[in-house]
Chemist: 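Pasting a structure here, questions to come.
Each residue takes its place number in the sequence, starting with 1.
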Amino acid sequence: MIEELETLCEMQKLDTQLIEHERRRAQAPKRLAEVEQDLQKVKDKIAKEKEIIEELDKERRRKEKELDTEKERIKKVQSKLYEIKTNKEYQAVLKETEAAQAANDKTEEEIILLLERIEELRKDYEASLAYVKKTEKEVHAEKKELEKEMISVESVVAELSKERNELLSRLSGEAKTRYKVLMEKRSGLAVVNVKNGVCLGCYMNIPPQLFIEVTKNSQLITCPSCNRIFCYQEES
């Protein structure tokens with residue numbers, strides 16, 4: 001294999017690794033942002049649950065106060081029974097007492113329903129708090145793992161970039177330009193293998209005679225369809 005073609009083959013291997021590591025580096029913040037966004041949604045849900053619980057509890061206290069006031073009023077009304085002299089007055093007081101008691105019974109039922117709803121929401125609230133606590137630990141652990149991973153990725157990228165620059169210095173100006181253009185136009189794949197007369201870049205067949213020449217690796221040959229540079233390597 002001629003030296004320039006060998007260098008291009010090595011360049012492609014390095015660039016493929018670099019592209020993968022750059023992808024990992026770019027995805028890390030996104031992955032972390034998604035995790036934190038999910039956590040924030042739960043926190044928002046908790047805040048809303050707490051607000052609802054406080055409002056319901058406030059309503060419960062208001063009704064209990066109202067109920068106590070009405071019970072006192074009924075006692076006062078009932079105390080008048082001993083002072084009543086006519087049946088008409090007695091019936092009026094009795095009717096007022098019954099109506100007030102019916103209203104109180106309804107209020108008591110409403111208070112019970114409020115207590116049940118508050119209890120139900122508090123259970124959800126406690127479960128959400130436990131989930132947030134657990135998730136925050138997971139997010140913290142994942143942040144640490146991502147930080148370690150990024151340090152490792154940065155180290156690898158630096159080493160690969162150094163090797164790449166060394167290889168790049170060995171190429172002629174024309175080869176550098178051709179490689180750069182192909183990398184940009186062909187989604188990071190400028191140098192490809194050929195298998196059974198098929199370009200592994202665009203998967204188009206190439207002429208048999210051209211395939212024979214490609215297997216010799218004695219010159220720079222490009223694919224007639226995608227213009228990628230061929231570097232023949234036998235599969236082990």
Chemist: Who pairs with Lys134 by salt bridge (charged side-chain N to carboxylate O under 4.0 Å, His left out), at least two apart in sequence or on another chain?
Modeler: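 Lys134 satisfies salt bridge (charged side-chain N to carboxylate O under 4.0 Å, His left out) with Glu138 only.
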
Chemist: Name every donor-acceptor pair, under 3.5 Å, that has one atom in a side chain of residues 47-58 and the other anywhere in the protein, sequence neighbours excluded.
Modeler:
from  : atom 1 : to    : atom 2 : distance (Å)
Glu49 : OE2    : Lys45 : NZ     : 2.6
Asp57 : OD1    : Arg60 : NE     : 2.8
Asp57 : OD1    : Arg60 : NH2    : 3.0
Asp57 : OD2    : Arg61 : NH1    : 2.9

Chemist: Kindly work out whether a path of hydrophobic side-chain contacts (I/L/V/M/F/W/Y, heavy atoms less than 4.5 Å apart) joins Leu171 to Leu5.
Modeler: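 Yes, because Leu171 and Leu5 connect within a single hydrophobic cluster, where side-chain heavy atoms sit under 4.5 Å apart.
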
Chemist: Could you give all pairs that pass the disulfide (SG to SG under 2.5 Å) test and reach residues 144-230, with sequence neighbours left out?
Modeler: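 Qualifying pairs, neighbours excluded: none.
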
Chemist: Please assess Thr107 against Glu70 for the test side-chain contact (heavy atoms from CB on, under 4.5 Å), listing each intermediate value before the final yes or no.
Modeler: CA-CA 10 Å; Thr107 301; Glu70 282 301 304; over 6 Å; no

Chemist: Could you grab the distance from atom NZ of Lys13 to atom CZ of Arg164, nearest 0.5 Å is fine?
Modeler: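 With rounding to 0.5 Å, NZ (Lys13) is 15.5 Å from CZ (Arg164).
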
Chemist: Using the salt bridge (charged side-chain N to carboxylate O under 4.0 Å, His left out) criterion, which residues pair with Glu96? Sequence neighbours excluded.
Modeler: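 In terms of salt bridge (charged side-chain N to carboxylate O under 4.0 Å, His left out), with neighbours along the sequence ignored, Glu96 is linked to Arg73.
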
Chemist: Taking the basic N atoms (NZ, or NE/NH1/NH2) and the acidic carboxylate oxygens, is any pair closer than 4.0 Å for Glu20 and Arg23?
Modeler: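 A salt bridge links Glu20 with Arg23.
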
Chemist: Report the residues that fulfil side-chain contact (heavy atoms from CB on, under 4.5 Å) with Gln101, sequence neighbours left out, ordered by chain and then residue number.
Modeler: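 Checked Gln101 against side-chain contact (heavy atoms from CB on, under 4.5 Å); matches are Ile74, Asn104, Asp105.
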
Chemist: How would you list all residue pairs meeting disulfide (SG to SG under 2.5 Å) that involve residues 43-74, not counting sequence neighbours?
Modeler: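 Passing the test, one end in residues 43-74: no pairs.
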
Chemist: Say whether Glu4 and Ser172, considering side chains only, have a donor N or O and an acceptor N or O under 3.5 Å apart.
Modeler: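 Yes, side-chain donor-acceptor contact under 3.5 Å.
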
Chemist: May I ask you to decide whether Glu234 forms a salt bridge with Lys195, counting only side-chain N to carboxylate O separations under 4.0 Å?
Modeler: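 Here Glu234 does not pair with Lys195 in a salt bridge, since their nearest N and O are not under 4.0 Å apart.
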
Chemist: Would you please name every residue forming a salt bridge (charged side-chain N to carboxylate O under 4.0 Å, His left out) with Glu22, sequence neighbours left out?
Modeler: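 With sequence neighbours excluded, Glu22 shows a salt bridge (charged side-chain N to carboxylate O under 4.0 Å, His left out) to Arg25, given in chain and number order.
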
Chemist: Answer yes or no: are there more than 12 heavy-atom neighbours, outside Met150 itself, under 6.0 Å from its atom CE?
Modeler: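 More than 12 within 6.0 Å, yes.
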
Chemist: Drop me the distance from Glu145's CD to His140's NE2, to the nearest 0.5 angstrom.
Modeler: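 Rounded to the nearest 0.5 Å, the CD-NE2 separation comes to 11.0 Å.
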
Chemist: Treat each ILVMFWY residue as a node, draw an edge where side-chain heavy atoms are under 4.5 Å apart, and state whether Leu220 and Val181 are in one component.
Modeler: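 Each belongs to a different hydrophobic cluster.
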
Chemist: Give, for atom CD of Gln40 and atom CD of Glu36, the distance between the pair rounded to the nearest 0.5 Å.
Modeler: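 Those atoms lie 9.5 Å apart.
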
Chemist: Just to verify, what does Glu136 make a side-chain contact (heavy atoms from CB on, under 4.5 Å) with, not counting sequence neighbours?
Modeler: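 Result, side-chain contact (heavy atoms from CB on, under 4.5 Å) vs Glu136: Leu39, Lys43, Val132.
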
Chemist: Please walk me through it: do Thr16 and Gln12 pass side-chain hydrogen bond (donor to acceptor under 3.5 Å, both in side chains)?
Modeler: CA-CA 6 Å; Thr16 298; Gln12 182 63 71; 3.2 Å; yes

Chemist: Please round to the nearest 0.5 Å and tell me the distance separating atom NZ of Lys162 and atom CG of Leu14.
Modeler: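 Reported value, rounded in 0.5 Å steps: 13.0 Å.
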
Chemist: Please test Ile46 against Val42 for side-chain contact (heavy atoms from CB on, under 4.5 Å), starting from the C-alpha separation and ending with a verdict.
Modeler: CA-CA 6 Å; Ile46 286 175; Val42 178; 4.3 Å; yes

Chemist: Could you tell me if the side chain of Leu18 sits less than 4.5 Å from the side chain of His21, heavy atoms only?
Modeler: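 With C-beta onward as the side chain, the pair stays apart.
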
Chemist: Can you sort out the partners of Glu213 under salt bridge (charged side-chain N to carboxylate O under 4.0 Å, His left out), two or more places apart, ordered by chain and number?
Modeler: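 Partners of Glu213 under the salt bridge (charged side-chain N to carboxylate O under 4.0 Å, His left out) test: Lys216.
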
Chemist: Hydrophobic clusters here meaning ILVMFWY residues chained together by side-chain heavy-atom distances under 4.5 Å, can you tell me if Leu200 and Met204 are in one?
Modeler: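 No, because Leu200 and Met204 fall into different hydrophobic clusters, even though each may have its own neighbours under 4.5 Å.
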
Chemist: Are side-chain heavy atoms of Gln209 and Ile212 found at a separation under 4.5 Å?
Modeler: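 Side-chain contact under 4.5 Å: yes.
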
Chemist: Quick test of your reading of the model: are Glu59 and Arg62 salt-bridged, counting only N-O distances below 4.0 Å?
Modeler: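 Yes.
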
Chemist: Would you call Glu120 and Arg117 a salt bridge, using N to O less than 4.0 angstrom?
Modeler: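 Between Arg117 and Glu120 there is a salt bridge, with a charged N closer than 4.0 Å to a carboxylate O.
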
Chemist: Do Glu174 and Arg178 sit within salt-bridge range, that is, some charged N less than 4.0 Å from a carboxylate O?
Modeler: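 Salt bridge flag = yes for Arg178 with Glu174.
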
Chemist: Check the hydrophobic clustering (I, L, V, M, F, W, Y; side-chain heavy atoms under 4.5 Å; chains of links allowed) and say if Leu146 and Val156 are grouped together.
Modeler: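 Per the 4.5 Å side-chain linkage, Leu146 and Val156 are not co-clustered.
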
Chemist: Which hydrophobic side chains are connected to Ile206, either touching it within the sub-4.5 Å cutoff or through other members that do?
Modeler: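 Same cluster as Ile206: Leu189, Val192, Val194, Leu210, Phe211, Val214, Ile221, Phe230, Tyr232.
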
Chemist: Mind checking the CZ-CD1 spacing from Arg186 to Ile229? Nearest 0.5 Å is all I need.
Modeler: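 Nearest 0.5 Å value for the CZ-CD1 distance: 12.0 Å.
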
Chemist: Within the distance-only criterion (no hydrogens, no angle test), does the side chain of Thr135 pair as donor or acceptor with the backbone N or O of Tyr131 below 3.5 angstrom?
Modeler: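 Yes.
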
Chemist: Flag the pair Val139 / Lys143 as yes when at least one side-chain heavy-atom distance between them is below 4.5 Å, and no otherwise.
Modeler: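 Heavy-atom side-chain distance check passes, below 4.5 Å.
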
Chemist: Look at the side chain of Ser161 and the backbone N and O of Val157, then say whether any donor-acceptor pair between them is shorter than 3.5 Å.
Modeler: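 Confirmed, Ser161 side chain pairs with Val157 backbone.
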
Chemist: According to a 4.5 Å side-chain heavy-atom criterion applied to Ile, Leu, Val, Met, Phe, Trp and Tyr, with indirect links allowed, do Leu67 and Leu114 form part of one hydrophobic cluster?
Modeler: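 Different clusters.
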
Chemist: So for atom CD, which belongs to Glu3, do other residues, nucleotides or ligands contribute more than 12 heavy atoms lying within a distance under 6.0 Å?
Modeler: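 At most 12 heavy atoms, drawn from other residues, nucleotides or ligands, come within 6.0 Å of this atom.
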
Chemist: With disulfide (SG to SG under 2.5 Å) as the rule and sequence neighbours excluded, what pairs involving residues 1-42 come up?
Modeler: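 Those involving residues 1-42 are Cys9-Cys231.
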
Chemist: For a side-chain contact (heavy atoms from CB on, under 4.5 Å) check, start with the C-alpha distance between Glu6 and Ile2, then their side-chain angles and the critical distance, and finish with the verdict.
Modeler: CA-CA 6 Å; Glu6 186 175 359; Ile2 61 171; over 6 Å; no

Chemist: Once disulfide (SG to SG under 2.5 Å) is applied, what residue pairs with a partner in residues 76-127 remain, sequence neighbours excluded?
Modeler: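 Not a single pair qualifies under disulfide (SG to SG under 2.5 Å).
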
Chemist: Could you give the distance from CG (Leu121) to CD (Glu116), rounded to the nearest 0.5 Å?
Modeler: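 Rounded to the nearest 0.5 Å, the CG-CD separation comes out at 12.0 Å.
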
